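Note sheet for the following structure.
From a predicted model like this one, the values you see are computed outputs, not experimental measurements.
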Amino acid sequence: DRLGRDNLSLSIAGYLGSSDQAYLEGLMSQLRARQLQDVVTYRGEVTRAEKIAFLNGLDVFSVPTAYADPKGLFVLEALAAGVPVVQPRHGAFPELIEATGGGLLVEPGSAAALCEAVASLVDHPERRLALGSSGQRATRDRFDDATMARTTLAVYQQYSSKE
């Protein structure tokens, strides 16, 4: 088990627009001031293969959005890799967590709640592994390409037959 409180790190990947560069630099400056710059890595925009490797290297995944994300595709990607998620209780996240059993929900905007949930998974590796396994199984059984295509087609057919 790689995860322990003494060796926690934060890995970040994804697109960073030019308008957000100053925000990232501000955060990195705060980390340097606290001598924490060595525990945070920003990997930048990743290819599909790099994303899969990135997700496979995580113990816990979280994108604590301030907005109510209506899709949460990144949650399904993490769950498909067997990585449990910790997400705010808004947008599509409650429905995805309920459907997969692959993570924990926290109060939106609460850094303390997010930290507490992540710490609980650090302290209880058996729970972390169980959530990851449940999420992976449910994602492969219920959210694979073929199932999603059939479900989408059924919705379209339901509305097209009403004309």
Side-chain angles (χ1 to χ4, degrees), residues 1-4 6-32 36-106 108 111 114-115 117-119 121-122 125 128-153 155-156:
D1 188 38
R2 310 182 289 249
L3 196 58
D6 293 334
N7 64 351
L8 291 179
S9 64
L10 175 64
S11 294
I12 306 166
Y15 172 75
L16 179 68
S18 59
S19 63
D20 296 320
Q21 188 66 41
Y23 176 72
L24 177 63
E25 286 303 319
L27 293 176
M28 295 305 286
S29 177
Q30 290 177 44
L31 291 167
R32 283 189 294 276
L36 294 171
Q37 69 275 6
D38 293 338
V39 300
V40 178
T41 305
Y42 173 60
R43 298 172 188 249
E45 200 166 349
V46 293
T47 65
R48 182 178 187 278
E50 290 168 336
K51 182 191 296 186
I52 292 168
F54 174 78
L55 291 171
N56 284 327
L58 300 178
D59 292 297
V60 178
F61 178 90
S62 184
V63 180
T65 63
Y67 62 95
D69 188 299
K71 298 175 187 164
L73 180 59
F74 49 85
V75 167
L76 292 174
E77 291 173 332
L79 293 173
V83 181
V85 300
V86 176
Q87 288 300 115
R89 187 179 289 105
H90 62 198
F93 307 136
E95 182 179 352
L96 291 173
I97 299 301
E98 182 181 331
T100 63
L104 304 175
L105 294 168
V106 297
L114 178 65
C115 289
V118 170
L121 296 179
V122 170
R128 184 179 74 245
L129 294 172
L131 289 172
S133 179
S134 175
Q136 186 174 51
R137 199 172 35 256
T139 301
R140 291 193 174 157
D141 290 347
R142 299 176 59 198
F143 294 97
D144 64 290
D145 294 345
T147 302
M148 297 298 285
R150 279 193 305 276
T151 304
T152 302
L153 180 59
V155 170
Y156 289 148

[atom2] on [Y] to [atom1] on [X], rounded to 0.5 Å:
X: Thr41; Y: Leu10; atom1: OG1; atom2: CG; result: 8.0 Å
X: Ser11; Y: Leu55; atom1: OG; atom2: CG; result: 10.5 Å
X: Leu36; Y: Gln30; atom1: CG; atom2: CD; result: 11.0 Å

Report the residues that fulfil side-chain hydrogen bond (donor to acceptor under 3.5 Å, both in side chains) with [X], sequence neighbours left out, ordered by chain and then residue number.
X: Glu50; answer: Thr47
X: Arg43; answer: none
X: Arg137; answer: Ser133
X: Ser19; answer: none

Checklist entry - Are side-chain heavy atoms of Val39 and Leu8 found at a separation under 4.5 Å? => result no
Next on the checklist: Are Leu16 and Glu45 packed together at the side-chain level, in the sense that at least one heavy-atom pair is separated by less than 4.5 angstrom?
Outcome noted: no
Suppose we screen for side-chain contact (heavy atoms from CB on, under 4.5 Å). Which residues come up paired with [X], at least two apart in sequence or across chains?
X: Thr147; result: Asp144, Arg150, Thr151
X: Met148; result: Phe143
X: Tyr23; result: Leu27
X: Tyr67; result: Thr65, Asp69

For [X] versus [Y], what's the shortest heavy-atom pair and its separation?
X: Leu79; Y: Pro84; value: CD2-CA, 4.4 Å
X: Ala117; Y: Leu104; value: O-CD1, 3.9 Å
X: Pro88; Y: Leu105; value: O-CD2, 3.8 Å

Item to check | Gln136 (side chain) donor-acceptor with Val83 (main chain) under 3.5 angstrom | outcome: no
Checklist entry - Side chain of Arg89, backbone of Pro108: donor and acceptor closer than 3.5 Å? => result no
Item to check | Inter- and intrachain pairs under salt bridge (charged side-chain N to carboxylate O under 4.0 Å, His left out), touching residues 72-81, at least two apart | outcome: Lys51-Glu77
Item to check | Residue pairs passing the salt bridge (charged side-chain N to carboxylate O under 4.0 Å, His left out) test where at least one lies in residues 10-27, sequence neighbours excluded | outcome: none
Contacts table for residues 92-101: side-chain donor-acceptor under 3.5 angstrom, sequence neighbours left out:
from: Thr100; atom 1: OG1; to: Leu96; atom 2: O; distance (Å): 2.8
from: Thr100; atom 1: OG1; to: Gly102; atom 2: N; distance (Å): 3.2

